[in-house]
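Data block below; observations after.
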Amino acid sequence: MPRINTREADAFIAELKPFTSNGAISAELDGAAYVVRSYSTAIAVVYPNNRTAILNAARYSNTTSRHQAEARAGVAALGYAVTELTDPEAFTQATGYRARLRGANL
């Protein structure tokens with residue numbers, strides 16, 4: 001899996017390529033889903049077969065906010081239908097991937 005600069009994440013996400021970075025953003029294919037994480041928190045789940053994506057739009061740290069912006073830009077380039085959820089619990093329920101609850105500035 002390539003190690004990239006955080007500013008390159010949107011291009012990798014737009015091509016649904018797995019990656020990791022020194023800045024703690026990563027993405028991987030997990031079955032039928034492409035999951036983008038900031039640290040251990042899922043911030044985007046893309047379903048290529050359905051051409052849909054669900055973004056975790058909850059407020060987190062400045063670093064995770066930058067990661068969310070990269071994910072948002074990468075998903076926008078795909079042209080898929082996007083749902084943004086501001087409640088981490090709703091995101092977890094909708095996707096099945098853990099969105100951190102503690103520390104969120106809701």
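We use all heavy atoms of the structure for the numbers below, so side chains are in, but hydrogens, waters and symmetry mates are not.
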Should the pair Glu70-Arg7 be classified as a salt bridge under the 4.0 Å nitrogen-to-oxygen rule?
-> no
Below 3.5 Å, can you tabulate the donor-acceptor pairs from side chains in residues 25-35 to any protein atom, sequence neighbours excluded?
from	atom 1	to	atom 2	distance (Å)
Glu28	OE2	Arg37	NH1	3.0
Asp30	OD2	Tyr97	OH	2.7
Tyr34	OH	Lys17	O	2.7

Whether Glu8 side chain and Asn5 backbone form a donor-acceptor pair below 3.5 Å | yes
With hydrophobic residues grouped by side-chain heavy-atom distances under 4.5 Å, do Phe91 and Tyr47 end up in a single group?
-> yes
Establish whether Ile43 and Phe12 are linked, either directly or via other cluster members, by ILVMFWY side-chain heavy-atom contacts under 4.5 Å.
-> yes
Counting N and O atoms only, with roles assigned by atom type, does the side chain of Ser61 sit under 3.5 Å from a partner on the main chain of Thr64, one being a donor and the other an acceptor?
-> yes
Which heavy atom of Ala71 sits nearest a heavy atom of Ala44, and at what distance?
-> CB-CB, 4.2 Å
Pair Arg98, Ser40: side-chain N/O donor-acceptor within cut-off below 3.5 Å = yes
To the nearest 0.5 Å, atom OG of Ser38 lies from atom CZ of Arg66 at 9.5 Å
Is a side-chain donor or acceptor of Asn50 paired with a backbone partner of Thr52 at a separation under 3.5 angstrom?
-> no
Consider only side-chain heavy atoms of I, L, V, M, F, W and Y, link residues closer than 4.5 Å, and tell whether Val75 and Ile4 are in one cluster.
-> yes
Connected-component partners of Tyr39 among ILVMFWY, side-chain separation under 4.5 Å = none
Tell me whether Leu16 is reachable from Val45 by hopping between hydrophobic residues (I, L, V, M, F, W, Y) whose side-chain heavy atoms are closer than 4.5 Å.
-> no
Are the side chain of Thr86 and the backbone of Ala57 linked by a donor-acceptor contact shorter than 3.5 Å?
-> no
Rounded distance (nearest 0.5 Å) linking atom CD of Gln68 with atom CG of Leu55 = 8.5 Å
Can you check whether Ala42's main-chain N or O pairs, donor with acceptor, with Asn56's side chain at less than 3.5 Å?
-> yes
Would you confirm whether Arg3, through its side chain, and Ser21, through its main-chain N or O, come within 3.5 Å as a donor-acceptor pair?
-> yes
Would Val46 end up clustered with Leu85 when hydrophobic side chains under 4.5 Å apart are linked, directly or stepwise?
-> no
Minimum heavy-atom distance between Ala99 and Thr92, given as atom pair plus value | N-OG1, 3.0 Å
